[in-house]
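Right, one structure below, let's go through it.
Proteins get letters first, then strands, A, B, ... in listed order; numbering begins at 1 in each.
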There are 2 protein chains.
Amino acid sequence: MYDILLKYISEHATSPITEEGASLIRAAFVYKKLRRKQYLLQEGDVSKYLSFILKGAIRQYTVNEKGMEHIVRFGIEGWWTSDRESFEMGTPSRYNIDAWEETELLQISREKYVELFNTVPAIQEMTQELDRRGAIAAQKRIHSAISLTAEERYLNLVQTHPMFLQRFPQNMIASYLGISPETLSRIRKQSK
Amino acid sequence: MYDILLKYISEHATSPITEEGASLIRAAFVYKKLRRKQYLLQEGDVSKYLSFILKGAIRQYTVNEKGMEHIVRFGIEGWWTSDRESFEMGTPSRYNIDAWEETELLQISREKYVELFNTVPAIQEMTQELDRRGAIAAQKRIHSAISLTAEERYLNLVQTHPMFLQRFPQNMIASYLGISPETLSRIRKQSK
DNA sequence: CTGCAGGATTGATAAATGTCAATCCTTTTT
DNA sequence: AAAAAGGATTGACATTTATCAATCCTGCAG
């Protein structure tokens with residue numbers, strides 16, 4: 001179970017994980033299983049853990065006054081999830097995170113993460129690598145949101161994250177793109 | 001001149017900068033001045049430097065086939081600029097960065113940055129802090145783009161970055177918000 | 001099988017936003 | 001002081017996208 005995580009870390013770090021590092025990692029992460037629709041985080045709560053997704057699919061979203069959901073992030077196996085602001089600052093989150101598919105996680109608390117960060121070089125390197133990729137991806141998504149039409153954003157998603165289309169229903173894809181489900185349906189028909 | 005940078009770094013790091021660290025920093029950063037409208041980076045070029053803005057105002061944007069500009073980022077004194085993807089990967093950038101006001105920078109190359117990162121703890125800490133803040137800010141901007149109306153996005157900008165409104169013309173603010181200048185003009189009239 | 005629940009699609013219509021062209025300001029240049 | 005340039009505003013109109021309501025699917029629970 002931890003092998004998947006250890007493999008992931010070493011693939012995203014430059015230095016290898018020592019046997020001791022591996023033990024520390026195994027000791028710090030706790031396994032958790034979520035059923036479909038189960039919350040990992042609810043608005044108003046503090047995001048206590050950073051979770052590595054072993055299997056399954058989750059979404060992070062807000063709910064506005066009118067009850068409309070807006071998905072800011074999807075996650076599937078091999079991705080991490082948490083509300084970073086809440087996790088790092090200890091403040092209540094404005095987001096919900098829940099499982100769309102039955103999901104298995106490995107979770108670590110902030111304290112243990114900081115500890116690992118300072119004792120296991122591969123963890124530090126992986127963090128930097130993920131920050132880098134995250135920053136680049138965020139920039140692209142912002143650019144897409146402000147400069148493309150609904151159809152272009154959809155076609156872009158098909159190119160960049162086709163797996164999302166397999167794993168999440170269309171109404172969630174629409175929410176992620178910032179358009180209504182009806183508009184997405186029409187775009188898809190249009191695009192043959 | 002370097003004092004502004006050193007002060008900035010120490011304010012965003014936990015460990016203090018040693019005298020030796022300060023010398024290394026001074027040796028690594030090079031001063032550069034841009035006139036109004038001068039490019040710091042042009043689409044197709046590689047972003048060779050990470051720049052700290054001492055004074056002035058810049059924007060990072062794309063130009064599409066129709067010649068329309070879309071601003072993804074503003075920068076003023078105390079902010080950093082570069083196209084991160086291009087800077088880190090050495091790939092040609094899709095963005096332009098140019099000076100809106102006359103601007104003074106301190107620039108560092110990737111090689112020197114990596115070197116500083118590995119020898120000056122405060123640089124490493126500052127980088128982590130900036131990544132954290134950048135990730136949180138990016139998340140908020142994505143959320144704003146997919147879930148708010150044009151008017152709400154504008155009012156949100158007024159709250160979060162009022163200085164942008166002072167420093168950049170309205171057509172650039174509109175571009176940053178992903179709306180047309182006419183729409184922004186009408187929103188502002190509307191909002192009394 | 002049958003019925004239902006969760007989505008997806010479709011049509012009609014409304015609302016938001018973009019586009020184009022004219023005009024109005026201001027500030028800078030000559 | 002006049003002219004030019006860069007923005008901002010306004011009106012008319014076009015286009016995109018949202019909203020609402022009615023079906024339509026399709027998989028699965030009884």
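If you measure from atom CZ of B:Arg188 to atom P of D:dG7, you get 15 Å, rounded to the nearest angstrom. If you measure from atom CG of A:Leu148 to atom C1' of C:dG18, you get 16 Å, rounded to the nearest angstrom. Rounded to an integer number of Å, the gap from A:Glu69 CD to C:dG7 P is 10 Å. One interatomic measurement links the two molecules: CD1 of B:Ile187 to P of D:dA8, which rounds to 14 Å at whole-angstrom precision. When rounded to the nearest whole Å, the span between CD of A:Glu151 and P of D:dT16 equals 10 Å. In this structure, B:Leu184 atom CG and D:dG7 atom P are separated by 14 Å, rounded to whole Å. Nucleotide D:dG6 holds its C1' atom 8 Å from the NZ atom of B:Lys37, rounded to whole Å.
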For nucleotides 11-16 of chain C, give me every protein contact, N/O to N/O, under 3.5 Å, one pair per line with atom names.
residue: C:dG11; atom: N7; partner: A:Arg186; partner atom: NH2; Å: 2.5
residue: C:dG11; atom: O6; partner: A:Arg186; partner atom: NH2; Å: 2.8
residue: C:dA12; atom: N6; partner: A:Arg186; partner atom: NH2; Å: 3.4

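A heavy atom closer than 4.0 Å to some atom of DNA chain D occurs in B:Pro169, B:Gln170, B:Asn171, these being the qualifying members of residues 156-172 of chain B.
Between A:Phe29 and A:Phe52, the ring centre distance reaches or exceeds 6.0 Å.
Sorted by first and then second residue, the side chain to side chain donor-acceptor pair (under 3.5 Å) pairs with a member in residues 163-173 of chain B read B:Glu77-B:Arg167, B:Glu101-B:Arg167, B:Gln170-B:Arg188; sequence neighbours excluded.
Taking Ile, Leu, Val, Met, Phe, Trp and Tyr as hydrophobic and joining them when side-chain heavy atoms fall under 4.5 Å apart, one finds B:Leu148 isolated, its cluster having no other members.
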Under 3.5 Å, which donor-acceptor pairs do the side chains of residues 32-44 of chain B form with other protein atoms, sequence neighbours left out?
residue: B:Arg36; atom: NE; partner: B:Trp100; partner atom: O; Å: 2.8
residue: B:Gln38; atom: OE1; partner: B:Arg35; partner atom: N; Å: 2.9

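Side-chain N/O atoms of A:Ser185 include one lying less than 4.0 angstrom from OP1 or OP2 on C:dT9. B:Ser180 has no side-chain polar atom (N or O) that falls below the 4.0 Å cut-off from OP1 or OP2 of C:dT19.
Between B:Lys112 and B:Glu115, no side-chain nitrogen of the basic residue sits less than 4.0 Å from a carboxylate oxygen of the acidic one, so the salt-bridge criterion is not met. A salt bridge does not link B:Lys55 to B:Glu102: none of the charged nitrogens lies less than 4.0 Å from a carboxylate oxygen. Electrostatic pairing of B:Glu85 and B:Arg94 counts as a salt bridge here, judged by a charged N lying under 4.0 Å from a carboxylate O.
The number of heavy-atom neighbours closer than 6.0 Å to CZ of B:Phe168, taken from other residues, nucleotides and ligands shown, is above 12.
In this structure, B:Arg110 fails the cation-pi test against B:Tyr113, since its NZ or CZ atom is not both closer than 6.0 Å to the six-membered ring centre and inside 45 degrees of the ring normal. Geometrically, B:Arg141 engages B:Tyr176 in a cation-pi contact defined by less than 6.0 Å to the ring centre and at most 45° from the axis.
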| query | Could you walk me through whether A:Lys7 and A:Glu11 pass the salt bridge (charged side-chain N to carboxylate O under 4.0 Å, His left out) check? | reply | CA-CA 6 Å; A:Lys7 176 156 176 275; A:Glu11 282 174 359; 3.5 Å; yes

| How would nucleotides 22-30 of chain D be written as a contact map, 5' to 3', with B for base contact, S for sugar-phosphate-only contact and - for no contact, using protein heavy atoms under 4.0 Å? | ---------

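Counting non-hydrogen atoms under 4.0 angstrom, B:Ile179 reaches the backbone sugars and phosphates but no base.
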